[in-house]
Colleague: 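Handing you a structure now.
One-based numbering along the sequence shown. Side chains included, hydrogens not; waters and symmetry mates left out as well; all remaining heavy atoms used. All ligand and atom numbering here is 1-based and tracks the order in the structure.
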Amino acid sequence: MKKILITGGAGYIGSYLSTMLVELGHQVTVIDLLKYSTTSLNHLFKYSNFNFIKGDVKNLNLLKKHVVKNEFIIPLAAYVGAPLCEKNKKDTKKVNLDNIKSIIKMLKKNQKIIYPTTNSGYGIGEKNKFCDENSKLTPISLYGRTKVDAEKEVMKFENAISFRLATIFGYSYRMRTDLIVNNFVLTAVKKNKLSIFEPHFRRNFIHIEDVCNAFIFSINNFKKLRGKVFNLGLSTANITKIQLAKKIQKKKKDLKIKIFKNRKDPDQRDYFVSNKKIEKHGFKATFGLDRGIDELLNIFNNSKVDYKNNY
Ligand SMILES: NC(=O)c1ccc[n+]([C@@H]2O[C@H](COP(=O)([O-])OP(=O)(O)OC[C@H]3O[C@@H](n4cnc5c(N)ncnc54)[C@H](O)[C@@H]3O)[C@@H](O)[C@H]2O)c1
């Protein structure tokens, strides 16, 4: 049993990860403002190994009180995604970067931190080349820049691991429909039409269950992984936006795909990613994209929840 603090633990990744860790018997503490979902952790309140604190990570006294009590710190609290960060510039820097610096200062040598960043730091990749962990980081948004800078701070600490995550897909207790796979499937179900700009932009994807399994793998194999940065994605899911749309169309035959040739995507990310390093260290993502699309189609077709398209 490990003592684990997760900031932002009520979010898309956090609610799923907290669930898996609590069910494995770890002592999990979550600090979250409950900015979005207020119900994403309800199913965990029955467990004595789950502790929830409703609070702001910018409250450093509160944060410190809990940081010092835990062996593992997983800081997920953040302003996430380029559009949201552009709208909240000051707070983005405070939460995504300054707060991470504060956590690092609070840590004792024997504590451990596992940090998730985005592979959007790779910005615009080179044609026909896979980005690996040594590729140049050229983030093109404030979100990307704060995450890249925070990773640098985290990796100055000896007991640290950083995961550069691919774009996640799949269901979580706090649902995000702005993520491209989730968004395309929801739009396909609701409107039966996908409008795509810059269809050949490349991306790497990963299912949320694989992300959480990788965190658990890193807790169990901390010594082997510490001090290192890893790309984390599904190697069979390095595909373009149009390939993704066509995969969805295969399962929803009447779906119309409209390509806008002269319109720019506000999100200019374009790259393929190599996940060989983490695979060599013993973890491989396996949850397939087709299975994930089936999962999402089932949810959006059957659920009575009115999932808003918040992209
Ligand atoms: N989802 C992805 O595809 C992805 C990819 C790469 C990296 N990440 C990183 O993973 C982390 C979590 O992302 P997510 O997709 O779960 O996002 P999310 O928005 O669903 O979760 C963020 C959580 O943080 C909480 N939060 C925000 N500000 C807070 C504050 N000041 N104090 C306390 N709680 C606060 C929110 O209430 C929310 O529950 C982020 O650091 C993000 O950069 C996510």
Colleague: Would Thr167 count as a polar contact of ligand 1, with the cut-off being nitrogen or oxygen pairs under 3.5 Å?
Modeller: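 Checking ligand 1 against Thr167, no N or O pair falls under 3.5 Å apart.
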Colleague: So if I apply the side-chain contact (heavy atoms from CB on, under 4.5 Å) rule between Tyr12 and each of Leu17, Asp178, Asn182, which one comes out positive?
Modeller: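 With Tyr12 as partner, side-chain contact (heavy atoms from CB on, under 4.5 Å) holds for just one option, Asn182.
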Colleague: Heavy atoms only, cut-off 4.0 Å: how does Tyr79 contact ligand 1, side chain, backbone, both, or neither?
Modeller: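 Neither part.
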Colleague: What is the nearest protein non-hydrogen atom to atom 44 (C) of ligand 1, stated with its residue, atom name and distance?
Modeller: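 Protein heavy atom at minimum distance: Ile13 CD1, 3.6 Å.
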Colleague: Measuring from atom OG1 of Thr19 to atom CG of Leu41, what distance do you get when rounded to the nearest 0.5 angstrom?
Modeller: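 Spacing of OG1 (Thr19) from CG (Leu41) equals 7.0 Å.
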Colleague: In the protein, which heavy atom is nearest to atom 19 (O) of ligand 1, and how far is it?
Modeller: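 Atom 19 (O) of ligand 1 sits closest to the protein heavy atom Arg174 NH2, 3.2 Å.
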Colleague: Checking the N or O distance criterion of under 3.5 Å, is ligand 1 in contact with Tyr12?
Modeller: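 Right, the criterion is met.
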Colleague: Below 4.0 angstrom from a heavy atom of Tyr143, which ligand 1 atoms are there? Numbered from 1 as shown, please.
Modeller: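 Under 4.0 Å from Tyr143, ligand 1 has these atoms: 7 (C), 8 (N), 42 (C), 43 (O).
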Colleague: Heavy atoms only: which of Gly11, Pro116, Gly233 is nearest to atom 9 (C) of ligand 1?
Modeller: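 Comparing heavy atoms across Gly11, Pro116, Gly233, the nearest one to atom 9 (C) of ligand 1 lies in Pro116.
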Colleague: With the threshold set at under 4.0 angstrom, would you say Gly81 reaches ligand 1 through any of its heavy atoms?
Modeller: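 Flag not set, Gly81 not near ligand 1.
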Colleague: Can you tell me the protein heavy atom closest to atom 35 (C) of ligand 1 and the distance?
Modeller: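 For atom 35 (C) of ligand 1, the nearest protein heavy atom is Ala77 CB, 3.7 Å.
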Colleague: Same hydrophobic cluster for Leu84 and Val148, using side-chain heavy-atom links shorter than 4.5 Å among ILVMFWY?
Modeller: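 No, separate clusters.
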Colleague: Between CD1 of Ile53 and CG of Asn51, what distance do you get to the nearest 0.5 Å?
Modeller: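 The distance works out to 4.0 Å.
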Colleague: Relative to atom 7 (C) of ligand 1, which among Ile31, Leu62, Asn88, Thr117 owns the nearest non-hydrogen atom?
Modeller: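 The option holding the nearest heavy atom is Thr117.
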Colleague: Please determine which of Glu279, Lys276, His281 meets the side-chain contact (heavy atoms from CB on, under 4.5 Å) test together with Phe230.
Modeller: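 So, applying the side-chain contact (heavy atoms from CB on, under 4.5 Å) to Phe230 and each of Glu279, Lys276, His281, only His281 qualifies.
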Colleague: I need the nearest protein heavy-atom contact for atom 24 (O) of ligand 1: residue, atom name and distance, please.
Modeller: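 Answer for atom 24 (O) of ligand 1: Gly8 CA, 3.4 Å.
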Colleague: Tell me, with the steps shown, if Lys252 and Asp254 meet salt bridge (Lys or Arg N to Asp or Glu O under 4.0 Å).
Modeller: CA-CA 6 Å; Lys252 196 176 183 320; Asp254 55 345; 3.3 Å; yes
Colleague: Which heavy-atom pair separates Ile242 from Ile259 by the least distance, and what is that distance?
Modeller: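 Minimum heavy-atom contact is CD1-CD1, 3.6 Å.
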Colleague: Around atom 29 (C) of ligand 1, find the nearest protein heavy atom and jot down its residue, atom name and distance.
Modeller: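 In this structure, atom 29 (C) of ligand 1 has Leu33 CD1, 3.8 Å as its nearest protein heavy atom.
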Colleague: So between Ile208, Leu76, Leu232, Leu84, whose heavy atom ends up nearest atom 40 (C) of ligand 1?
Modeller: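 Comparing heavy atoms across Ile208, Leu76, Leu232, Leu84, the nearest one to atom 40 (C) of ligand 1 lies in Leu76.
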Colleague: Using the salt bridge (Lys or Arg N to Asp or Glu O under 4.0 Å) rule, take Asp290 and Lys251 through it: C-alpha gap first, then chi angles, then the decisive distance, then the call.
Modeller: CA-CA 9 Å; Asp290 280 302; Lys251 295 171 187 291; 3.6 Å; yes
Colleague: Glu71 pairs by side chain to side chain donor-acceptor pair (under 3.5 Å) with which of His26, Lys3, Lys112?
Modeller: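 Passing option: Lys112.
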Colleague: Run down the list Leu34, Ile168, Asn99, Leu63 and name the one with the heavy atom closest to atom 4 (C) of ligand 1.
Modeller: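 Selected option, by shortest heavy-atom distance: Ile168.
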Colleague: Which heavy atom of the protein is the closest neighbour of atom 28 (N) of ligand 1, given with residue, atom name and distance?
Modeller: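 Atom 28 (N) of ligand 1 sits closest to the protein heavy atom Lys35 CE, 3.9 Å.
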Colleague: Do Ser15 and Ser172 have a side chain donor and acceptor closer than 3.5 Å?
Modeller: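 Distance-only check passes for Ser15 and Ser172.
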Colleague: Work out whether the distance between some heavy atom of Phe163 and some atom of ligand 1 is less than 4.0 Å.
Modeller: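 The answer is no: ligand 1 sits nowhere under 4.0 Å from a heavy atom of Phe163.
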Colleague: Hey, quick one: are Phe72 and Ile13 part of the same hydrophobic cluster, counting side-chain heavy atoms closer than 4.5 Å, chains of contacts allowed?
Modeller: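 Yes, because Phe72 and Ile13 connect within a single hydrophobic cluster, where side-chain heavy atoms sit under 4.5 Å apart.
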Colleague: Using a 4.0 Å heavy-atom cut-off, say whether Val80 meets ligand 1 through its side chain, its backbone, both or neither.
Modeller: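 The side chain, only.
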Colleague: What protein heavy atom lies closest to atom 14 (P) of ligand 1? Include the residue and the distance to one decimal.
Modeller: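 Ranked first by proximity to atom 14 (P) of ligand 1 is Arg176 NH1, 3.8 Å.
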Colleague: So Tyr173 and Tyr171, would you call those rings parallel, tilted or perpendicular, with 30° and 60° as cut-offs?
Modeller: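 Plane angle over 60°, so perpendicular.
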Colleague: Going by distance only, is there an N or O of Val57 that falls short of 3.5 Å from an N or O of ligand 1?
Modeller: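 Yes, since at least one N or O of Val57 sits under 3.5 Å from an N or O of ligand 1.
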Colleague: Give, for atom CZ of Phe287 and atom CZ of Phe205, the distance between the pair rounded to the nearest 0.5 Å.
Modeller: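 CZ of Phe205 is found 15.0 Å from CZ of Phe287.
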Colleague: So if I count the atoms of ligand 1 from 1 in the order they appear, which ones are less than 4.0 Å from some heavy atom of Lys147?
Modeller: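 Numbered from 1, ligand 1 contributes 40 (C), 41 (O), 42 (C), 43 (O).
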Colleague: Among all protein non-hydrogen atoms, which one is nearest to atom 36 (C) of ligand 1, and what is the separation to 0.1 Å?
Modeller: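 Here the nearest protein heavy atom works out to Asp32 OD1, 3.5 Å.
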Colleague: Counting only nitrogen or oxygen atoms and a 3.5 angstrom limit, does Thr118 reach ligand 1?
Modeller: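 By distance alone, the answer is no.
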Colleague: Could you check if a side-chain atom of Leu297 sits within less than 4.5 angstrom of a side-chain atom of Val185, using non-hydrogen atoms only?
Modeller: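 Answer yes - side chains close enough.
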Colleague: Residue-level breakdown please: for Thr7 versus ligand 1, do any non-hydrogen atoms fall below 4.0 Å on the side chain, on the backbone, on both, or on neither?
Modeller: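 For Thr7, no heavy atom sits under 4.0 Å from ligand 1.
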